[in-house]
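Comments concern the structure below.
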Amino acid sequence: MKKFWDFLKKYKIIVAVIFLICISSWSTIALANANAVNVKSDSVNVRVGPGLSYANMGQVKKGDKLSIISEKNKWYEVRLAGDKIGWVASWLLDNTDVSSTTNKVGIIKVQNTTVFKNADATSAVLGTISQSDKVTIMYQEKDWTQILYKGTAGWVKTEFIQGTQETSGESTSSKSSNSSDIKKVTVTQPSTKLRIDPNSNGRIVKTVNVGKSFDYLGKNGKWYKVRDSDGSVGYVASWVVTVTGTKDAVKSAATNISEATIVIDPGHGGTDVGAESKKKTYEKNFTLAYAQEIKKQLQKTGARVILTRDGDATKSLGNRARLSSKIEADAYISLHFDSSTSADAGSGITTYYYENSKDGKLATSLNDQLKALKIKNRGTQQKDLYVLHYNSQPSVLLELGYINSKSDYKHINSEAYKEQVARAVTAGLKNYFQ
């Protein structure tokens with residue numbers, strides 16, 4: 001033992017150096033593996049921005065390991081092979097509780113610091129960064145640090161960056177979207193409304209036809225802020241336009257249900273019992289049970305499904321509609337069961353929508369599948385209902401039969417009909433998101 005301690009004293013400098021090298025190597029590996037997530041679906045689309053309204057730039061496959069840079073609206077900004085940067089739906093990955101806020105922020109110490117494509121001073125130059133600018137640090141190895149630079153990955157000399165205790169969150173993620181590339185917004189639907197506010201209730205500035213182009217100014221949720229050639233400024237819905245930039249066109253239409261965020265609204269609840277059947281059962285209980293079954297079926301597709309209520313709670317109509325806008329849902333479905341003034345006086349399923357340009361396609365897709373159910377179908381109808389009128393997202397309200405009709409109720413009160421409705425709604429949404 002004495003010889004061992006004599007050895008340590010004699011070679012303590014060498015031992016210290018070895019120790020520091022080990023610590024340094026561990027730190028680099030730890031940084032490289034921070035916020036790493038694995039793809040659990042067979043394939044996941046990678047988009048240029050955090051949502052279905054952004055173009056698809058490729059796919060990652062099951063088992064691929066991705067490094068998270070930031071997070072926005074349940075979408076992860078990730079580093080891909082070849083140092084590309086893209087966005088994936090967090091619910092399609094393992095470890096979705098990983099926080100993106102552990103990415104450190106660095107400050108550039110030298111004026112006009114060069115950003116290289118690779119960790120090599122002879123590689124292509126991506127640009128320069130000014131002194132005192134903040135950058136998101138993604139990875140470090142020896143003398144080089146990888147940073148987020150204009151929506152892609154770049155490398156700068158580590159000696160030119162000063163580390164901070166600040167972490168990157170949603171505030172830095174917005175810089176990486178491709179909004180700066182968008183130049184024009186072109187209308188694809190007849191009678192498209194330019195509105196003063198970014199919602200379907202906003203005052204109409206003007207109505208325009210297919211082919212009309214606006215200058216792109218910005219984005220607010222699912223609405224684009226635009227300017228016309230006459231100087232008028234307003235908002236147009238993203239689902240009725242195509243946006244183009246310096247590169248490829250970015251389509252607004254959703255293409256994959258697994259990436260969709262869907263809100264299911266069980267009508268009534270709490271003190272609001274809704275309609276009552278002849279057997280003294282309440283609409284609020286049926287809407288919740290049906291919503292839970294629909295959620296179960298939809299989750300099998302990989303979709304992100306949010307209920308406006310999970311139990312027997314009272315929820316205002318405003319809160320139900322606003323939730324859809326808050327999380328930028330791709331579809332909103334409110335569930336109800338009709339009732340007539342006299343028992344057995346009414347029968348049938350009705351799919352209601354408010355605005356054809358916003359809701360019409362969703363209503364048709366769902367109603368086409370509901371036609372196969374055993375209760376007769378009354379088709380789609382336009383109606384000014386609160387949760388549809390004040391909803392900025394594509395939305396419908398389904399009346400799934402008359403609760404005080406003997407013929408309808410025998411189906412409504414059955415497990416078989418509930419499962420059939422859930423399958424029909426899921427099939428309708430699959431078609432809608434193609």
Side-chain angles (χ1 to χ4, degrees), residues 50-53 71-75 89-91 96 170 195 197-202 219-223 235 237-239 252 254 257-274 283-299 301-337 351-355 358-359 361-363 366 383-400 422 425-426 428-429 432-433:
L52 283 171
S53 60
E71 180 183 0
K72 185 175 183 180
N73 194 31
K74 297 298 182 181
W75 285 72
S90 67
W91 55 92
T96 53
E170 292 191 4
R195 298 181 182 273
D197 295 310
N199 59 68
S200 299
N201 194 44
K219 193 167 186 281
N220 188 321
K222 292 283 186 177
W223 293 75
Y235 293 86
S238 65
W239 54 89
S252 300
I257 190 173
S258 68
E259 296 177 284
T261 296
I262 301 162
V263 172
I264 306 296
D265 172 35
H268 308 285
T271 56
D272 177 12
V273 300
E283 181 182 4
K284 68 172 183 176
N285 297 325
F286 286 110
T287 59
L288 180 59
Y290 274 65
Q292 291 168 337
E293 182 64 27
I294 292 171
K295 179 178 180 178
K296 184 174 76 173
Q297 293 292 332
L298 281 174
Q299 285 180 326
T301 70
R304 176 189 175 207
V305 187
I306 308 295
L307 302 187
T308 58
R309 64 180 179 97
D310 292 308
D312 187 20
T314 303
K315 297 284 184 178
S316 71
L317 296 178
N319 284 339
R320 295 171 194 259
R322 281 192 294 273
L323 173 63
S324 182
S325 302
K326 181 179 179 181
I327 65 174
E328 297 185 17
D330 299 293
Y332 172 100
I333 302 173
S334 188
L335 305 179
H336 291 263
F337 293 90
T351 301
Y352 290 105
Y353 65 94
Y354 173 65
E355 191 172 41
K358 177 172 73 77
D359 313 319
K361 181 184 174 183
L362 178 61
L366 290 172
K383 192 171 184 178
D384 189 357
L385 299 170
Y386 191 100
V387 293
L388 306 183
H389 187 144
Y390 295 98
N391 201 317
S392 63
Q393 312 305 106
S395 52
V396 298
L397 186 147
L398 305 179
E399 295 280 6
L400 295 167
V425 169
T426 301
L429 286 169
Y432 175 71
F433 286 113

- Hey, does the side chain of Arg195 reach the backbone of Asn201 with a donor-acceptor pair shorter than 3.5 angstrom? no
- d(Leu385 CG, Tyr354 OH) to nearest 0.5 Å is 10.5 Å
- Euclidean distance, Asn319 CG relative to Leu323 CG, rounded to 0.5 Å: 8.5 Å
- Just wondering, do Leu288 and Arg309 contact through their side chains at under 4.5 Å, heavy atoms? yes
- Query: Hey, does the side chain of Glu283 reach the backbone of Phe337 with a donor-acceptor pair shorter than 3.5 angstrom?
  - Reply: yes
- Task: Determine yes or no for a side-chain-to-main-chain donor-acceptor pair under 3.5 angstrom, with Asp312 supplying the side chain and Gly270 the backbone.
- Result: yes
- Is any side-chain heavy atom of Lys284 closer than 4.5 Å to a side-chain heavy atom of Asp272? no
- Task: Please confirm whether the backbone N or O of Ala329 pairs with a side-chain atom of Gln393, one donor and one acceptor, at under 3.5 Å?
- Result: yes
- Query: Quick one: CG on Leu397 to CG on Asn391, what's the gap to the nearest 0.5 Å?
  - Reply: 11.0 Å
- Message: When you compare the side chain of Leu307 with that of Lys295, does any pair of heavy atoms fall below 4.5 Å?
- Response: yes
- Message: Students often mix this up, so state it plainly: with edges at 30° and 60°, are the rings of Tyr386 and Tyr390 parallel, tilted or perpendicular?
- Response: tilted
- Nearest 0.5 Å please: distance from the CZ atom of Phe433 over to the NZ atom of Lys361. 9.0 Å
- Supply the atom-to-atom distance Ile327 CD1 to Arg304 CZ, rounded to the nearest 0.5 angstrom. 5.0 Å
- Query: Between the main-chain N or O of Thr271 and the side-chain N or O of Thr314, is there a donor-acceptor pair closer than 3.5 Å?
  - Reply: yes
- Task: Taking the side chain as every heavy atom from C-beta outward, state whether Val425 and Leu398 have any atom pair closer than 4.5 Å.
- Result: yes
- Message: Working to the nearest 0.5 angstrom, can you tell me the gap between Trp223 CH2 and Asn199 CG?
- Response: 6.5 Å
- Side chains of Leu362 and Leu429 in contact at under 4.5 Å (non-hydrogen atoms): yes
- Task: Taking atom types as modelled, find out whether Ser316 and Arg322 have a side-chain donor-acceptor pair closer than 3.5 angstrom.
- Result: no
- Query: Can you check whether Gly267's main-chain N or O pairs, donor with acceptor, with Thr287's side chain at less than 3.5 Å?
  - Reply: yes
- Item | Within-4.5 Å side-chain heavy-atom neighbours: Tyr332 and Val396 | no
- Could you tell me whether the side chain of Leu298 reaches within less than 4.5 Å of the side chain of Ile257, counting heavy atoms only? yes
- Message: Which label fits His268 and His336: parallel for a plane angle under 30°, tilted from 30 to 60°, or perpendicular past 60°?
- Response: perpendicular
- Task: Answer with yes or no whether the side chains of Lys358 and Ser392 bring together a donor and an acceptor at under 3.5 Å.
- Result: no
- Task: Let me see the working for Ser395 and Asp359 under side chain to side chain contact (heavy atoms under 4.5 Å, CB included), right down to the final yes or no.
- Result: CA-CA 6 Å; Ser395 52; Asp359 313 319; 3.7 Å; yes
- Side chains of Ile262 and Asp330: closer than 4.5 Å at any heavy-atom pair? no
- Message: Give me the atom names and distance for the closest heavy-atom approach of Ile264 to Ala291.
- Response: CG2-CB, 3.6 Å
- Query: Is the side chain of Trp91 donor-acceptor paired with the backbone N or O of Ala303 at a distance under 3.5 Å, no angle test?
  - Reply: no
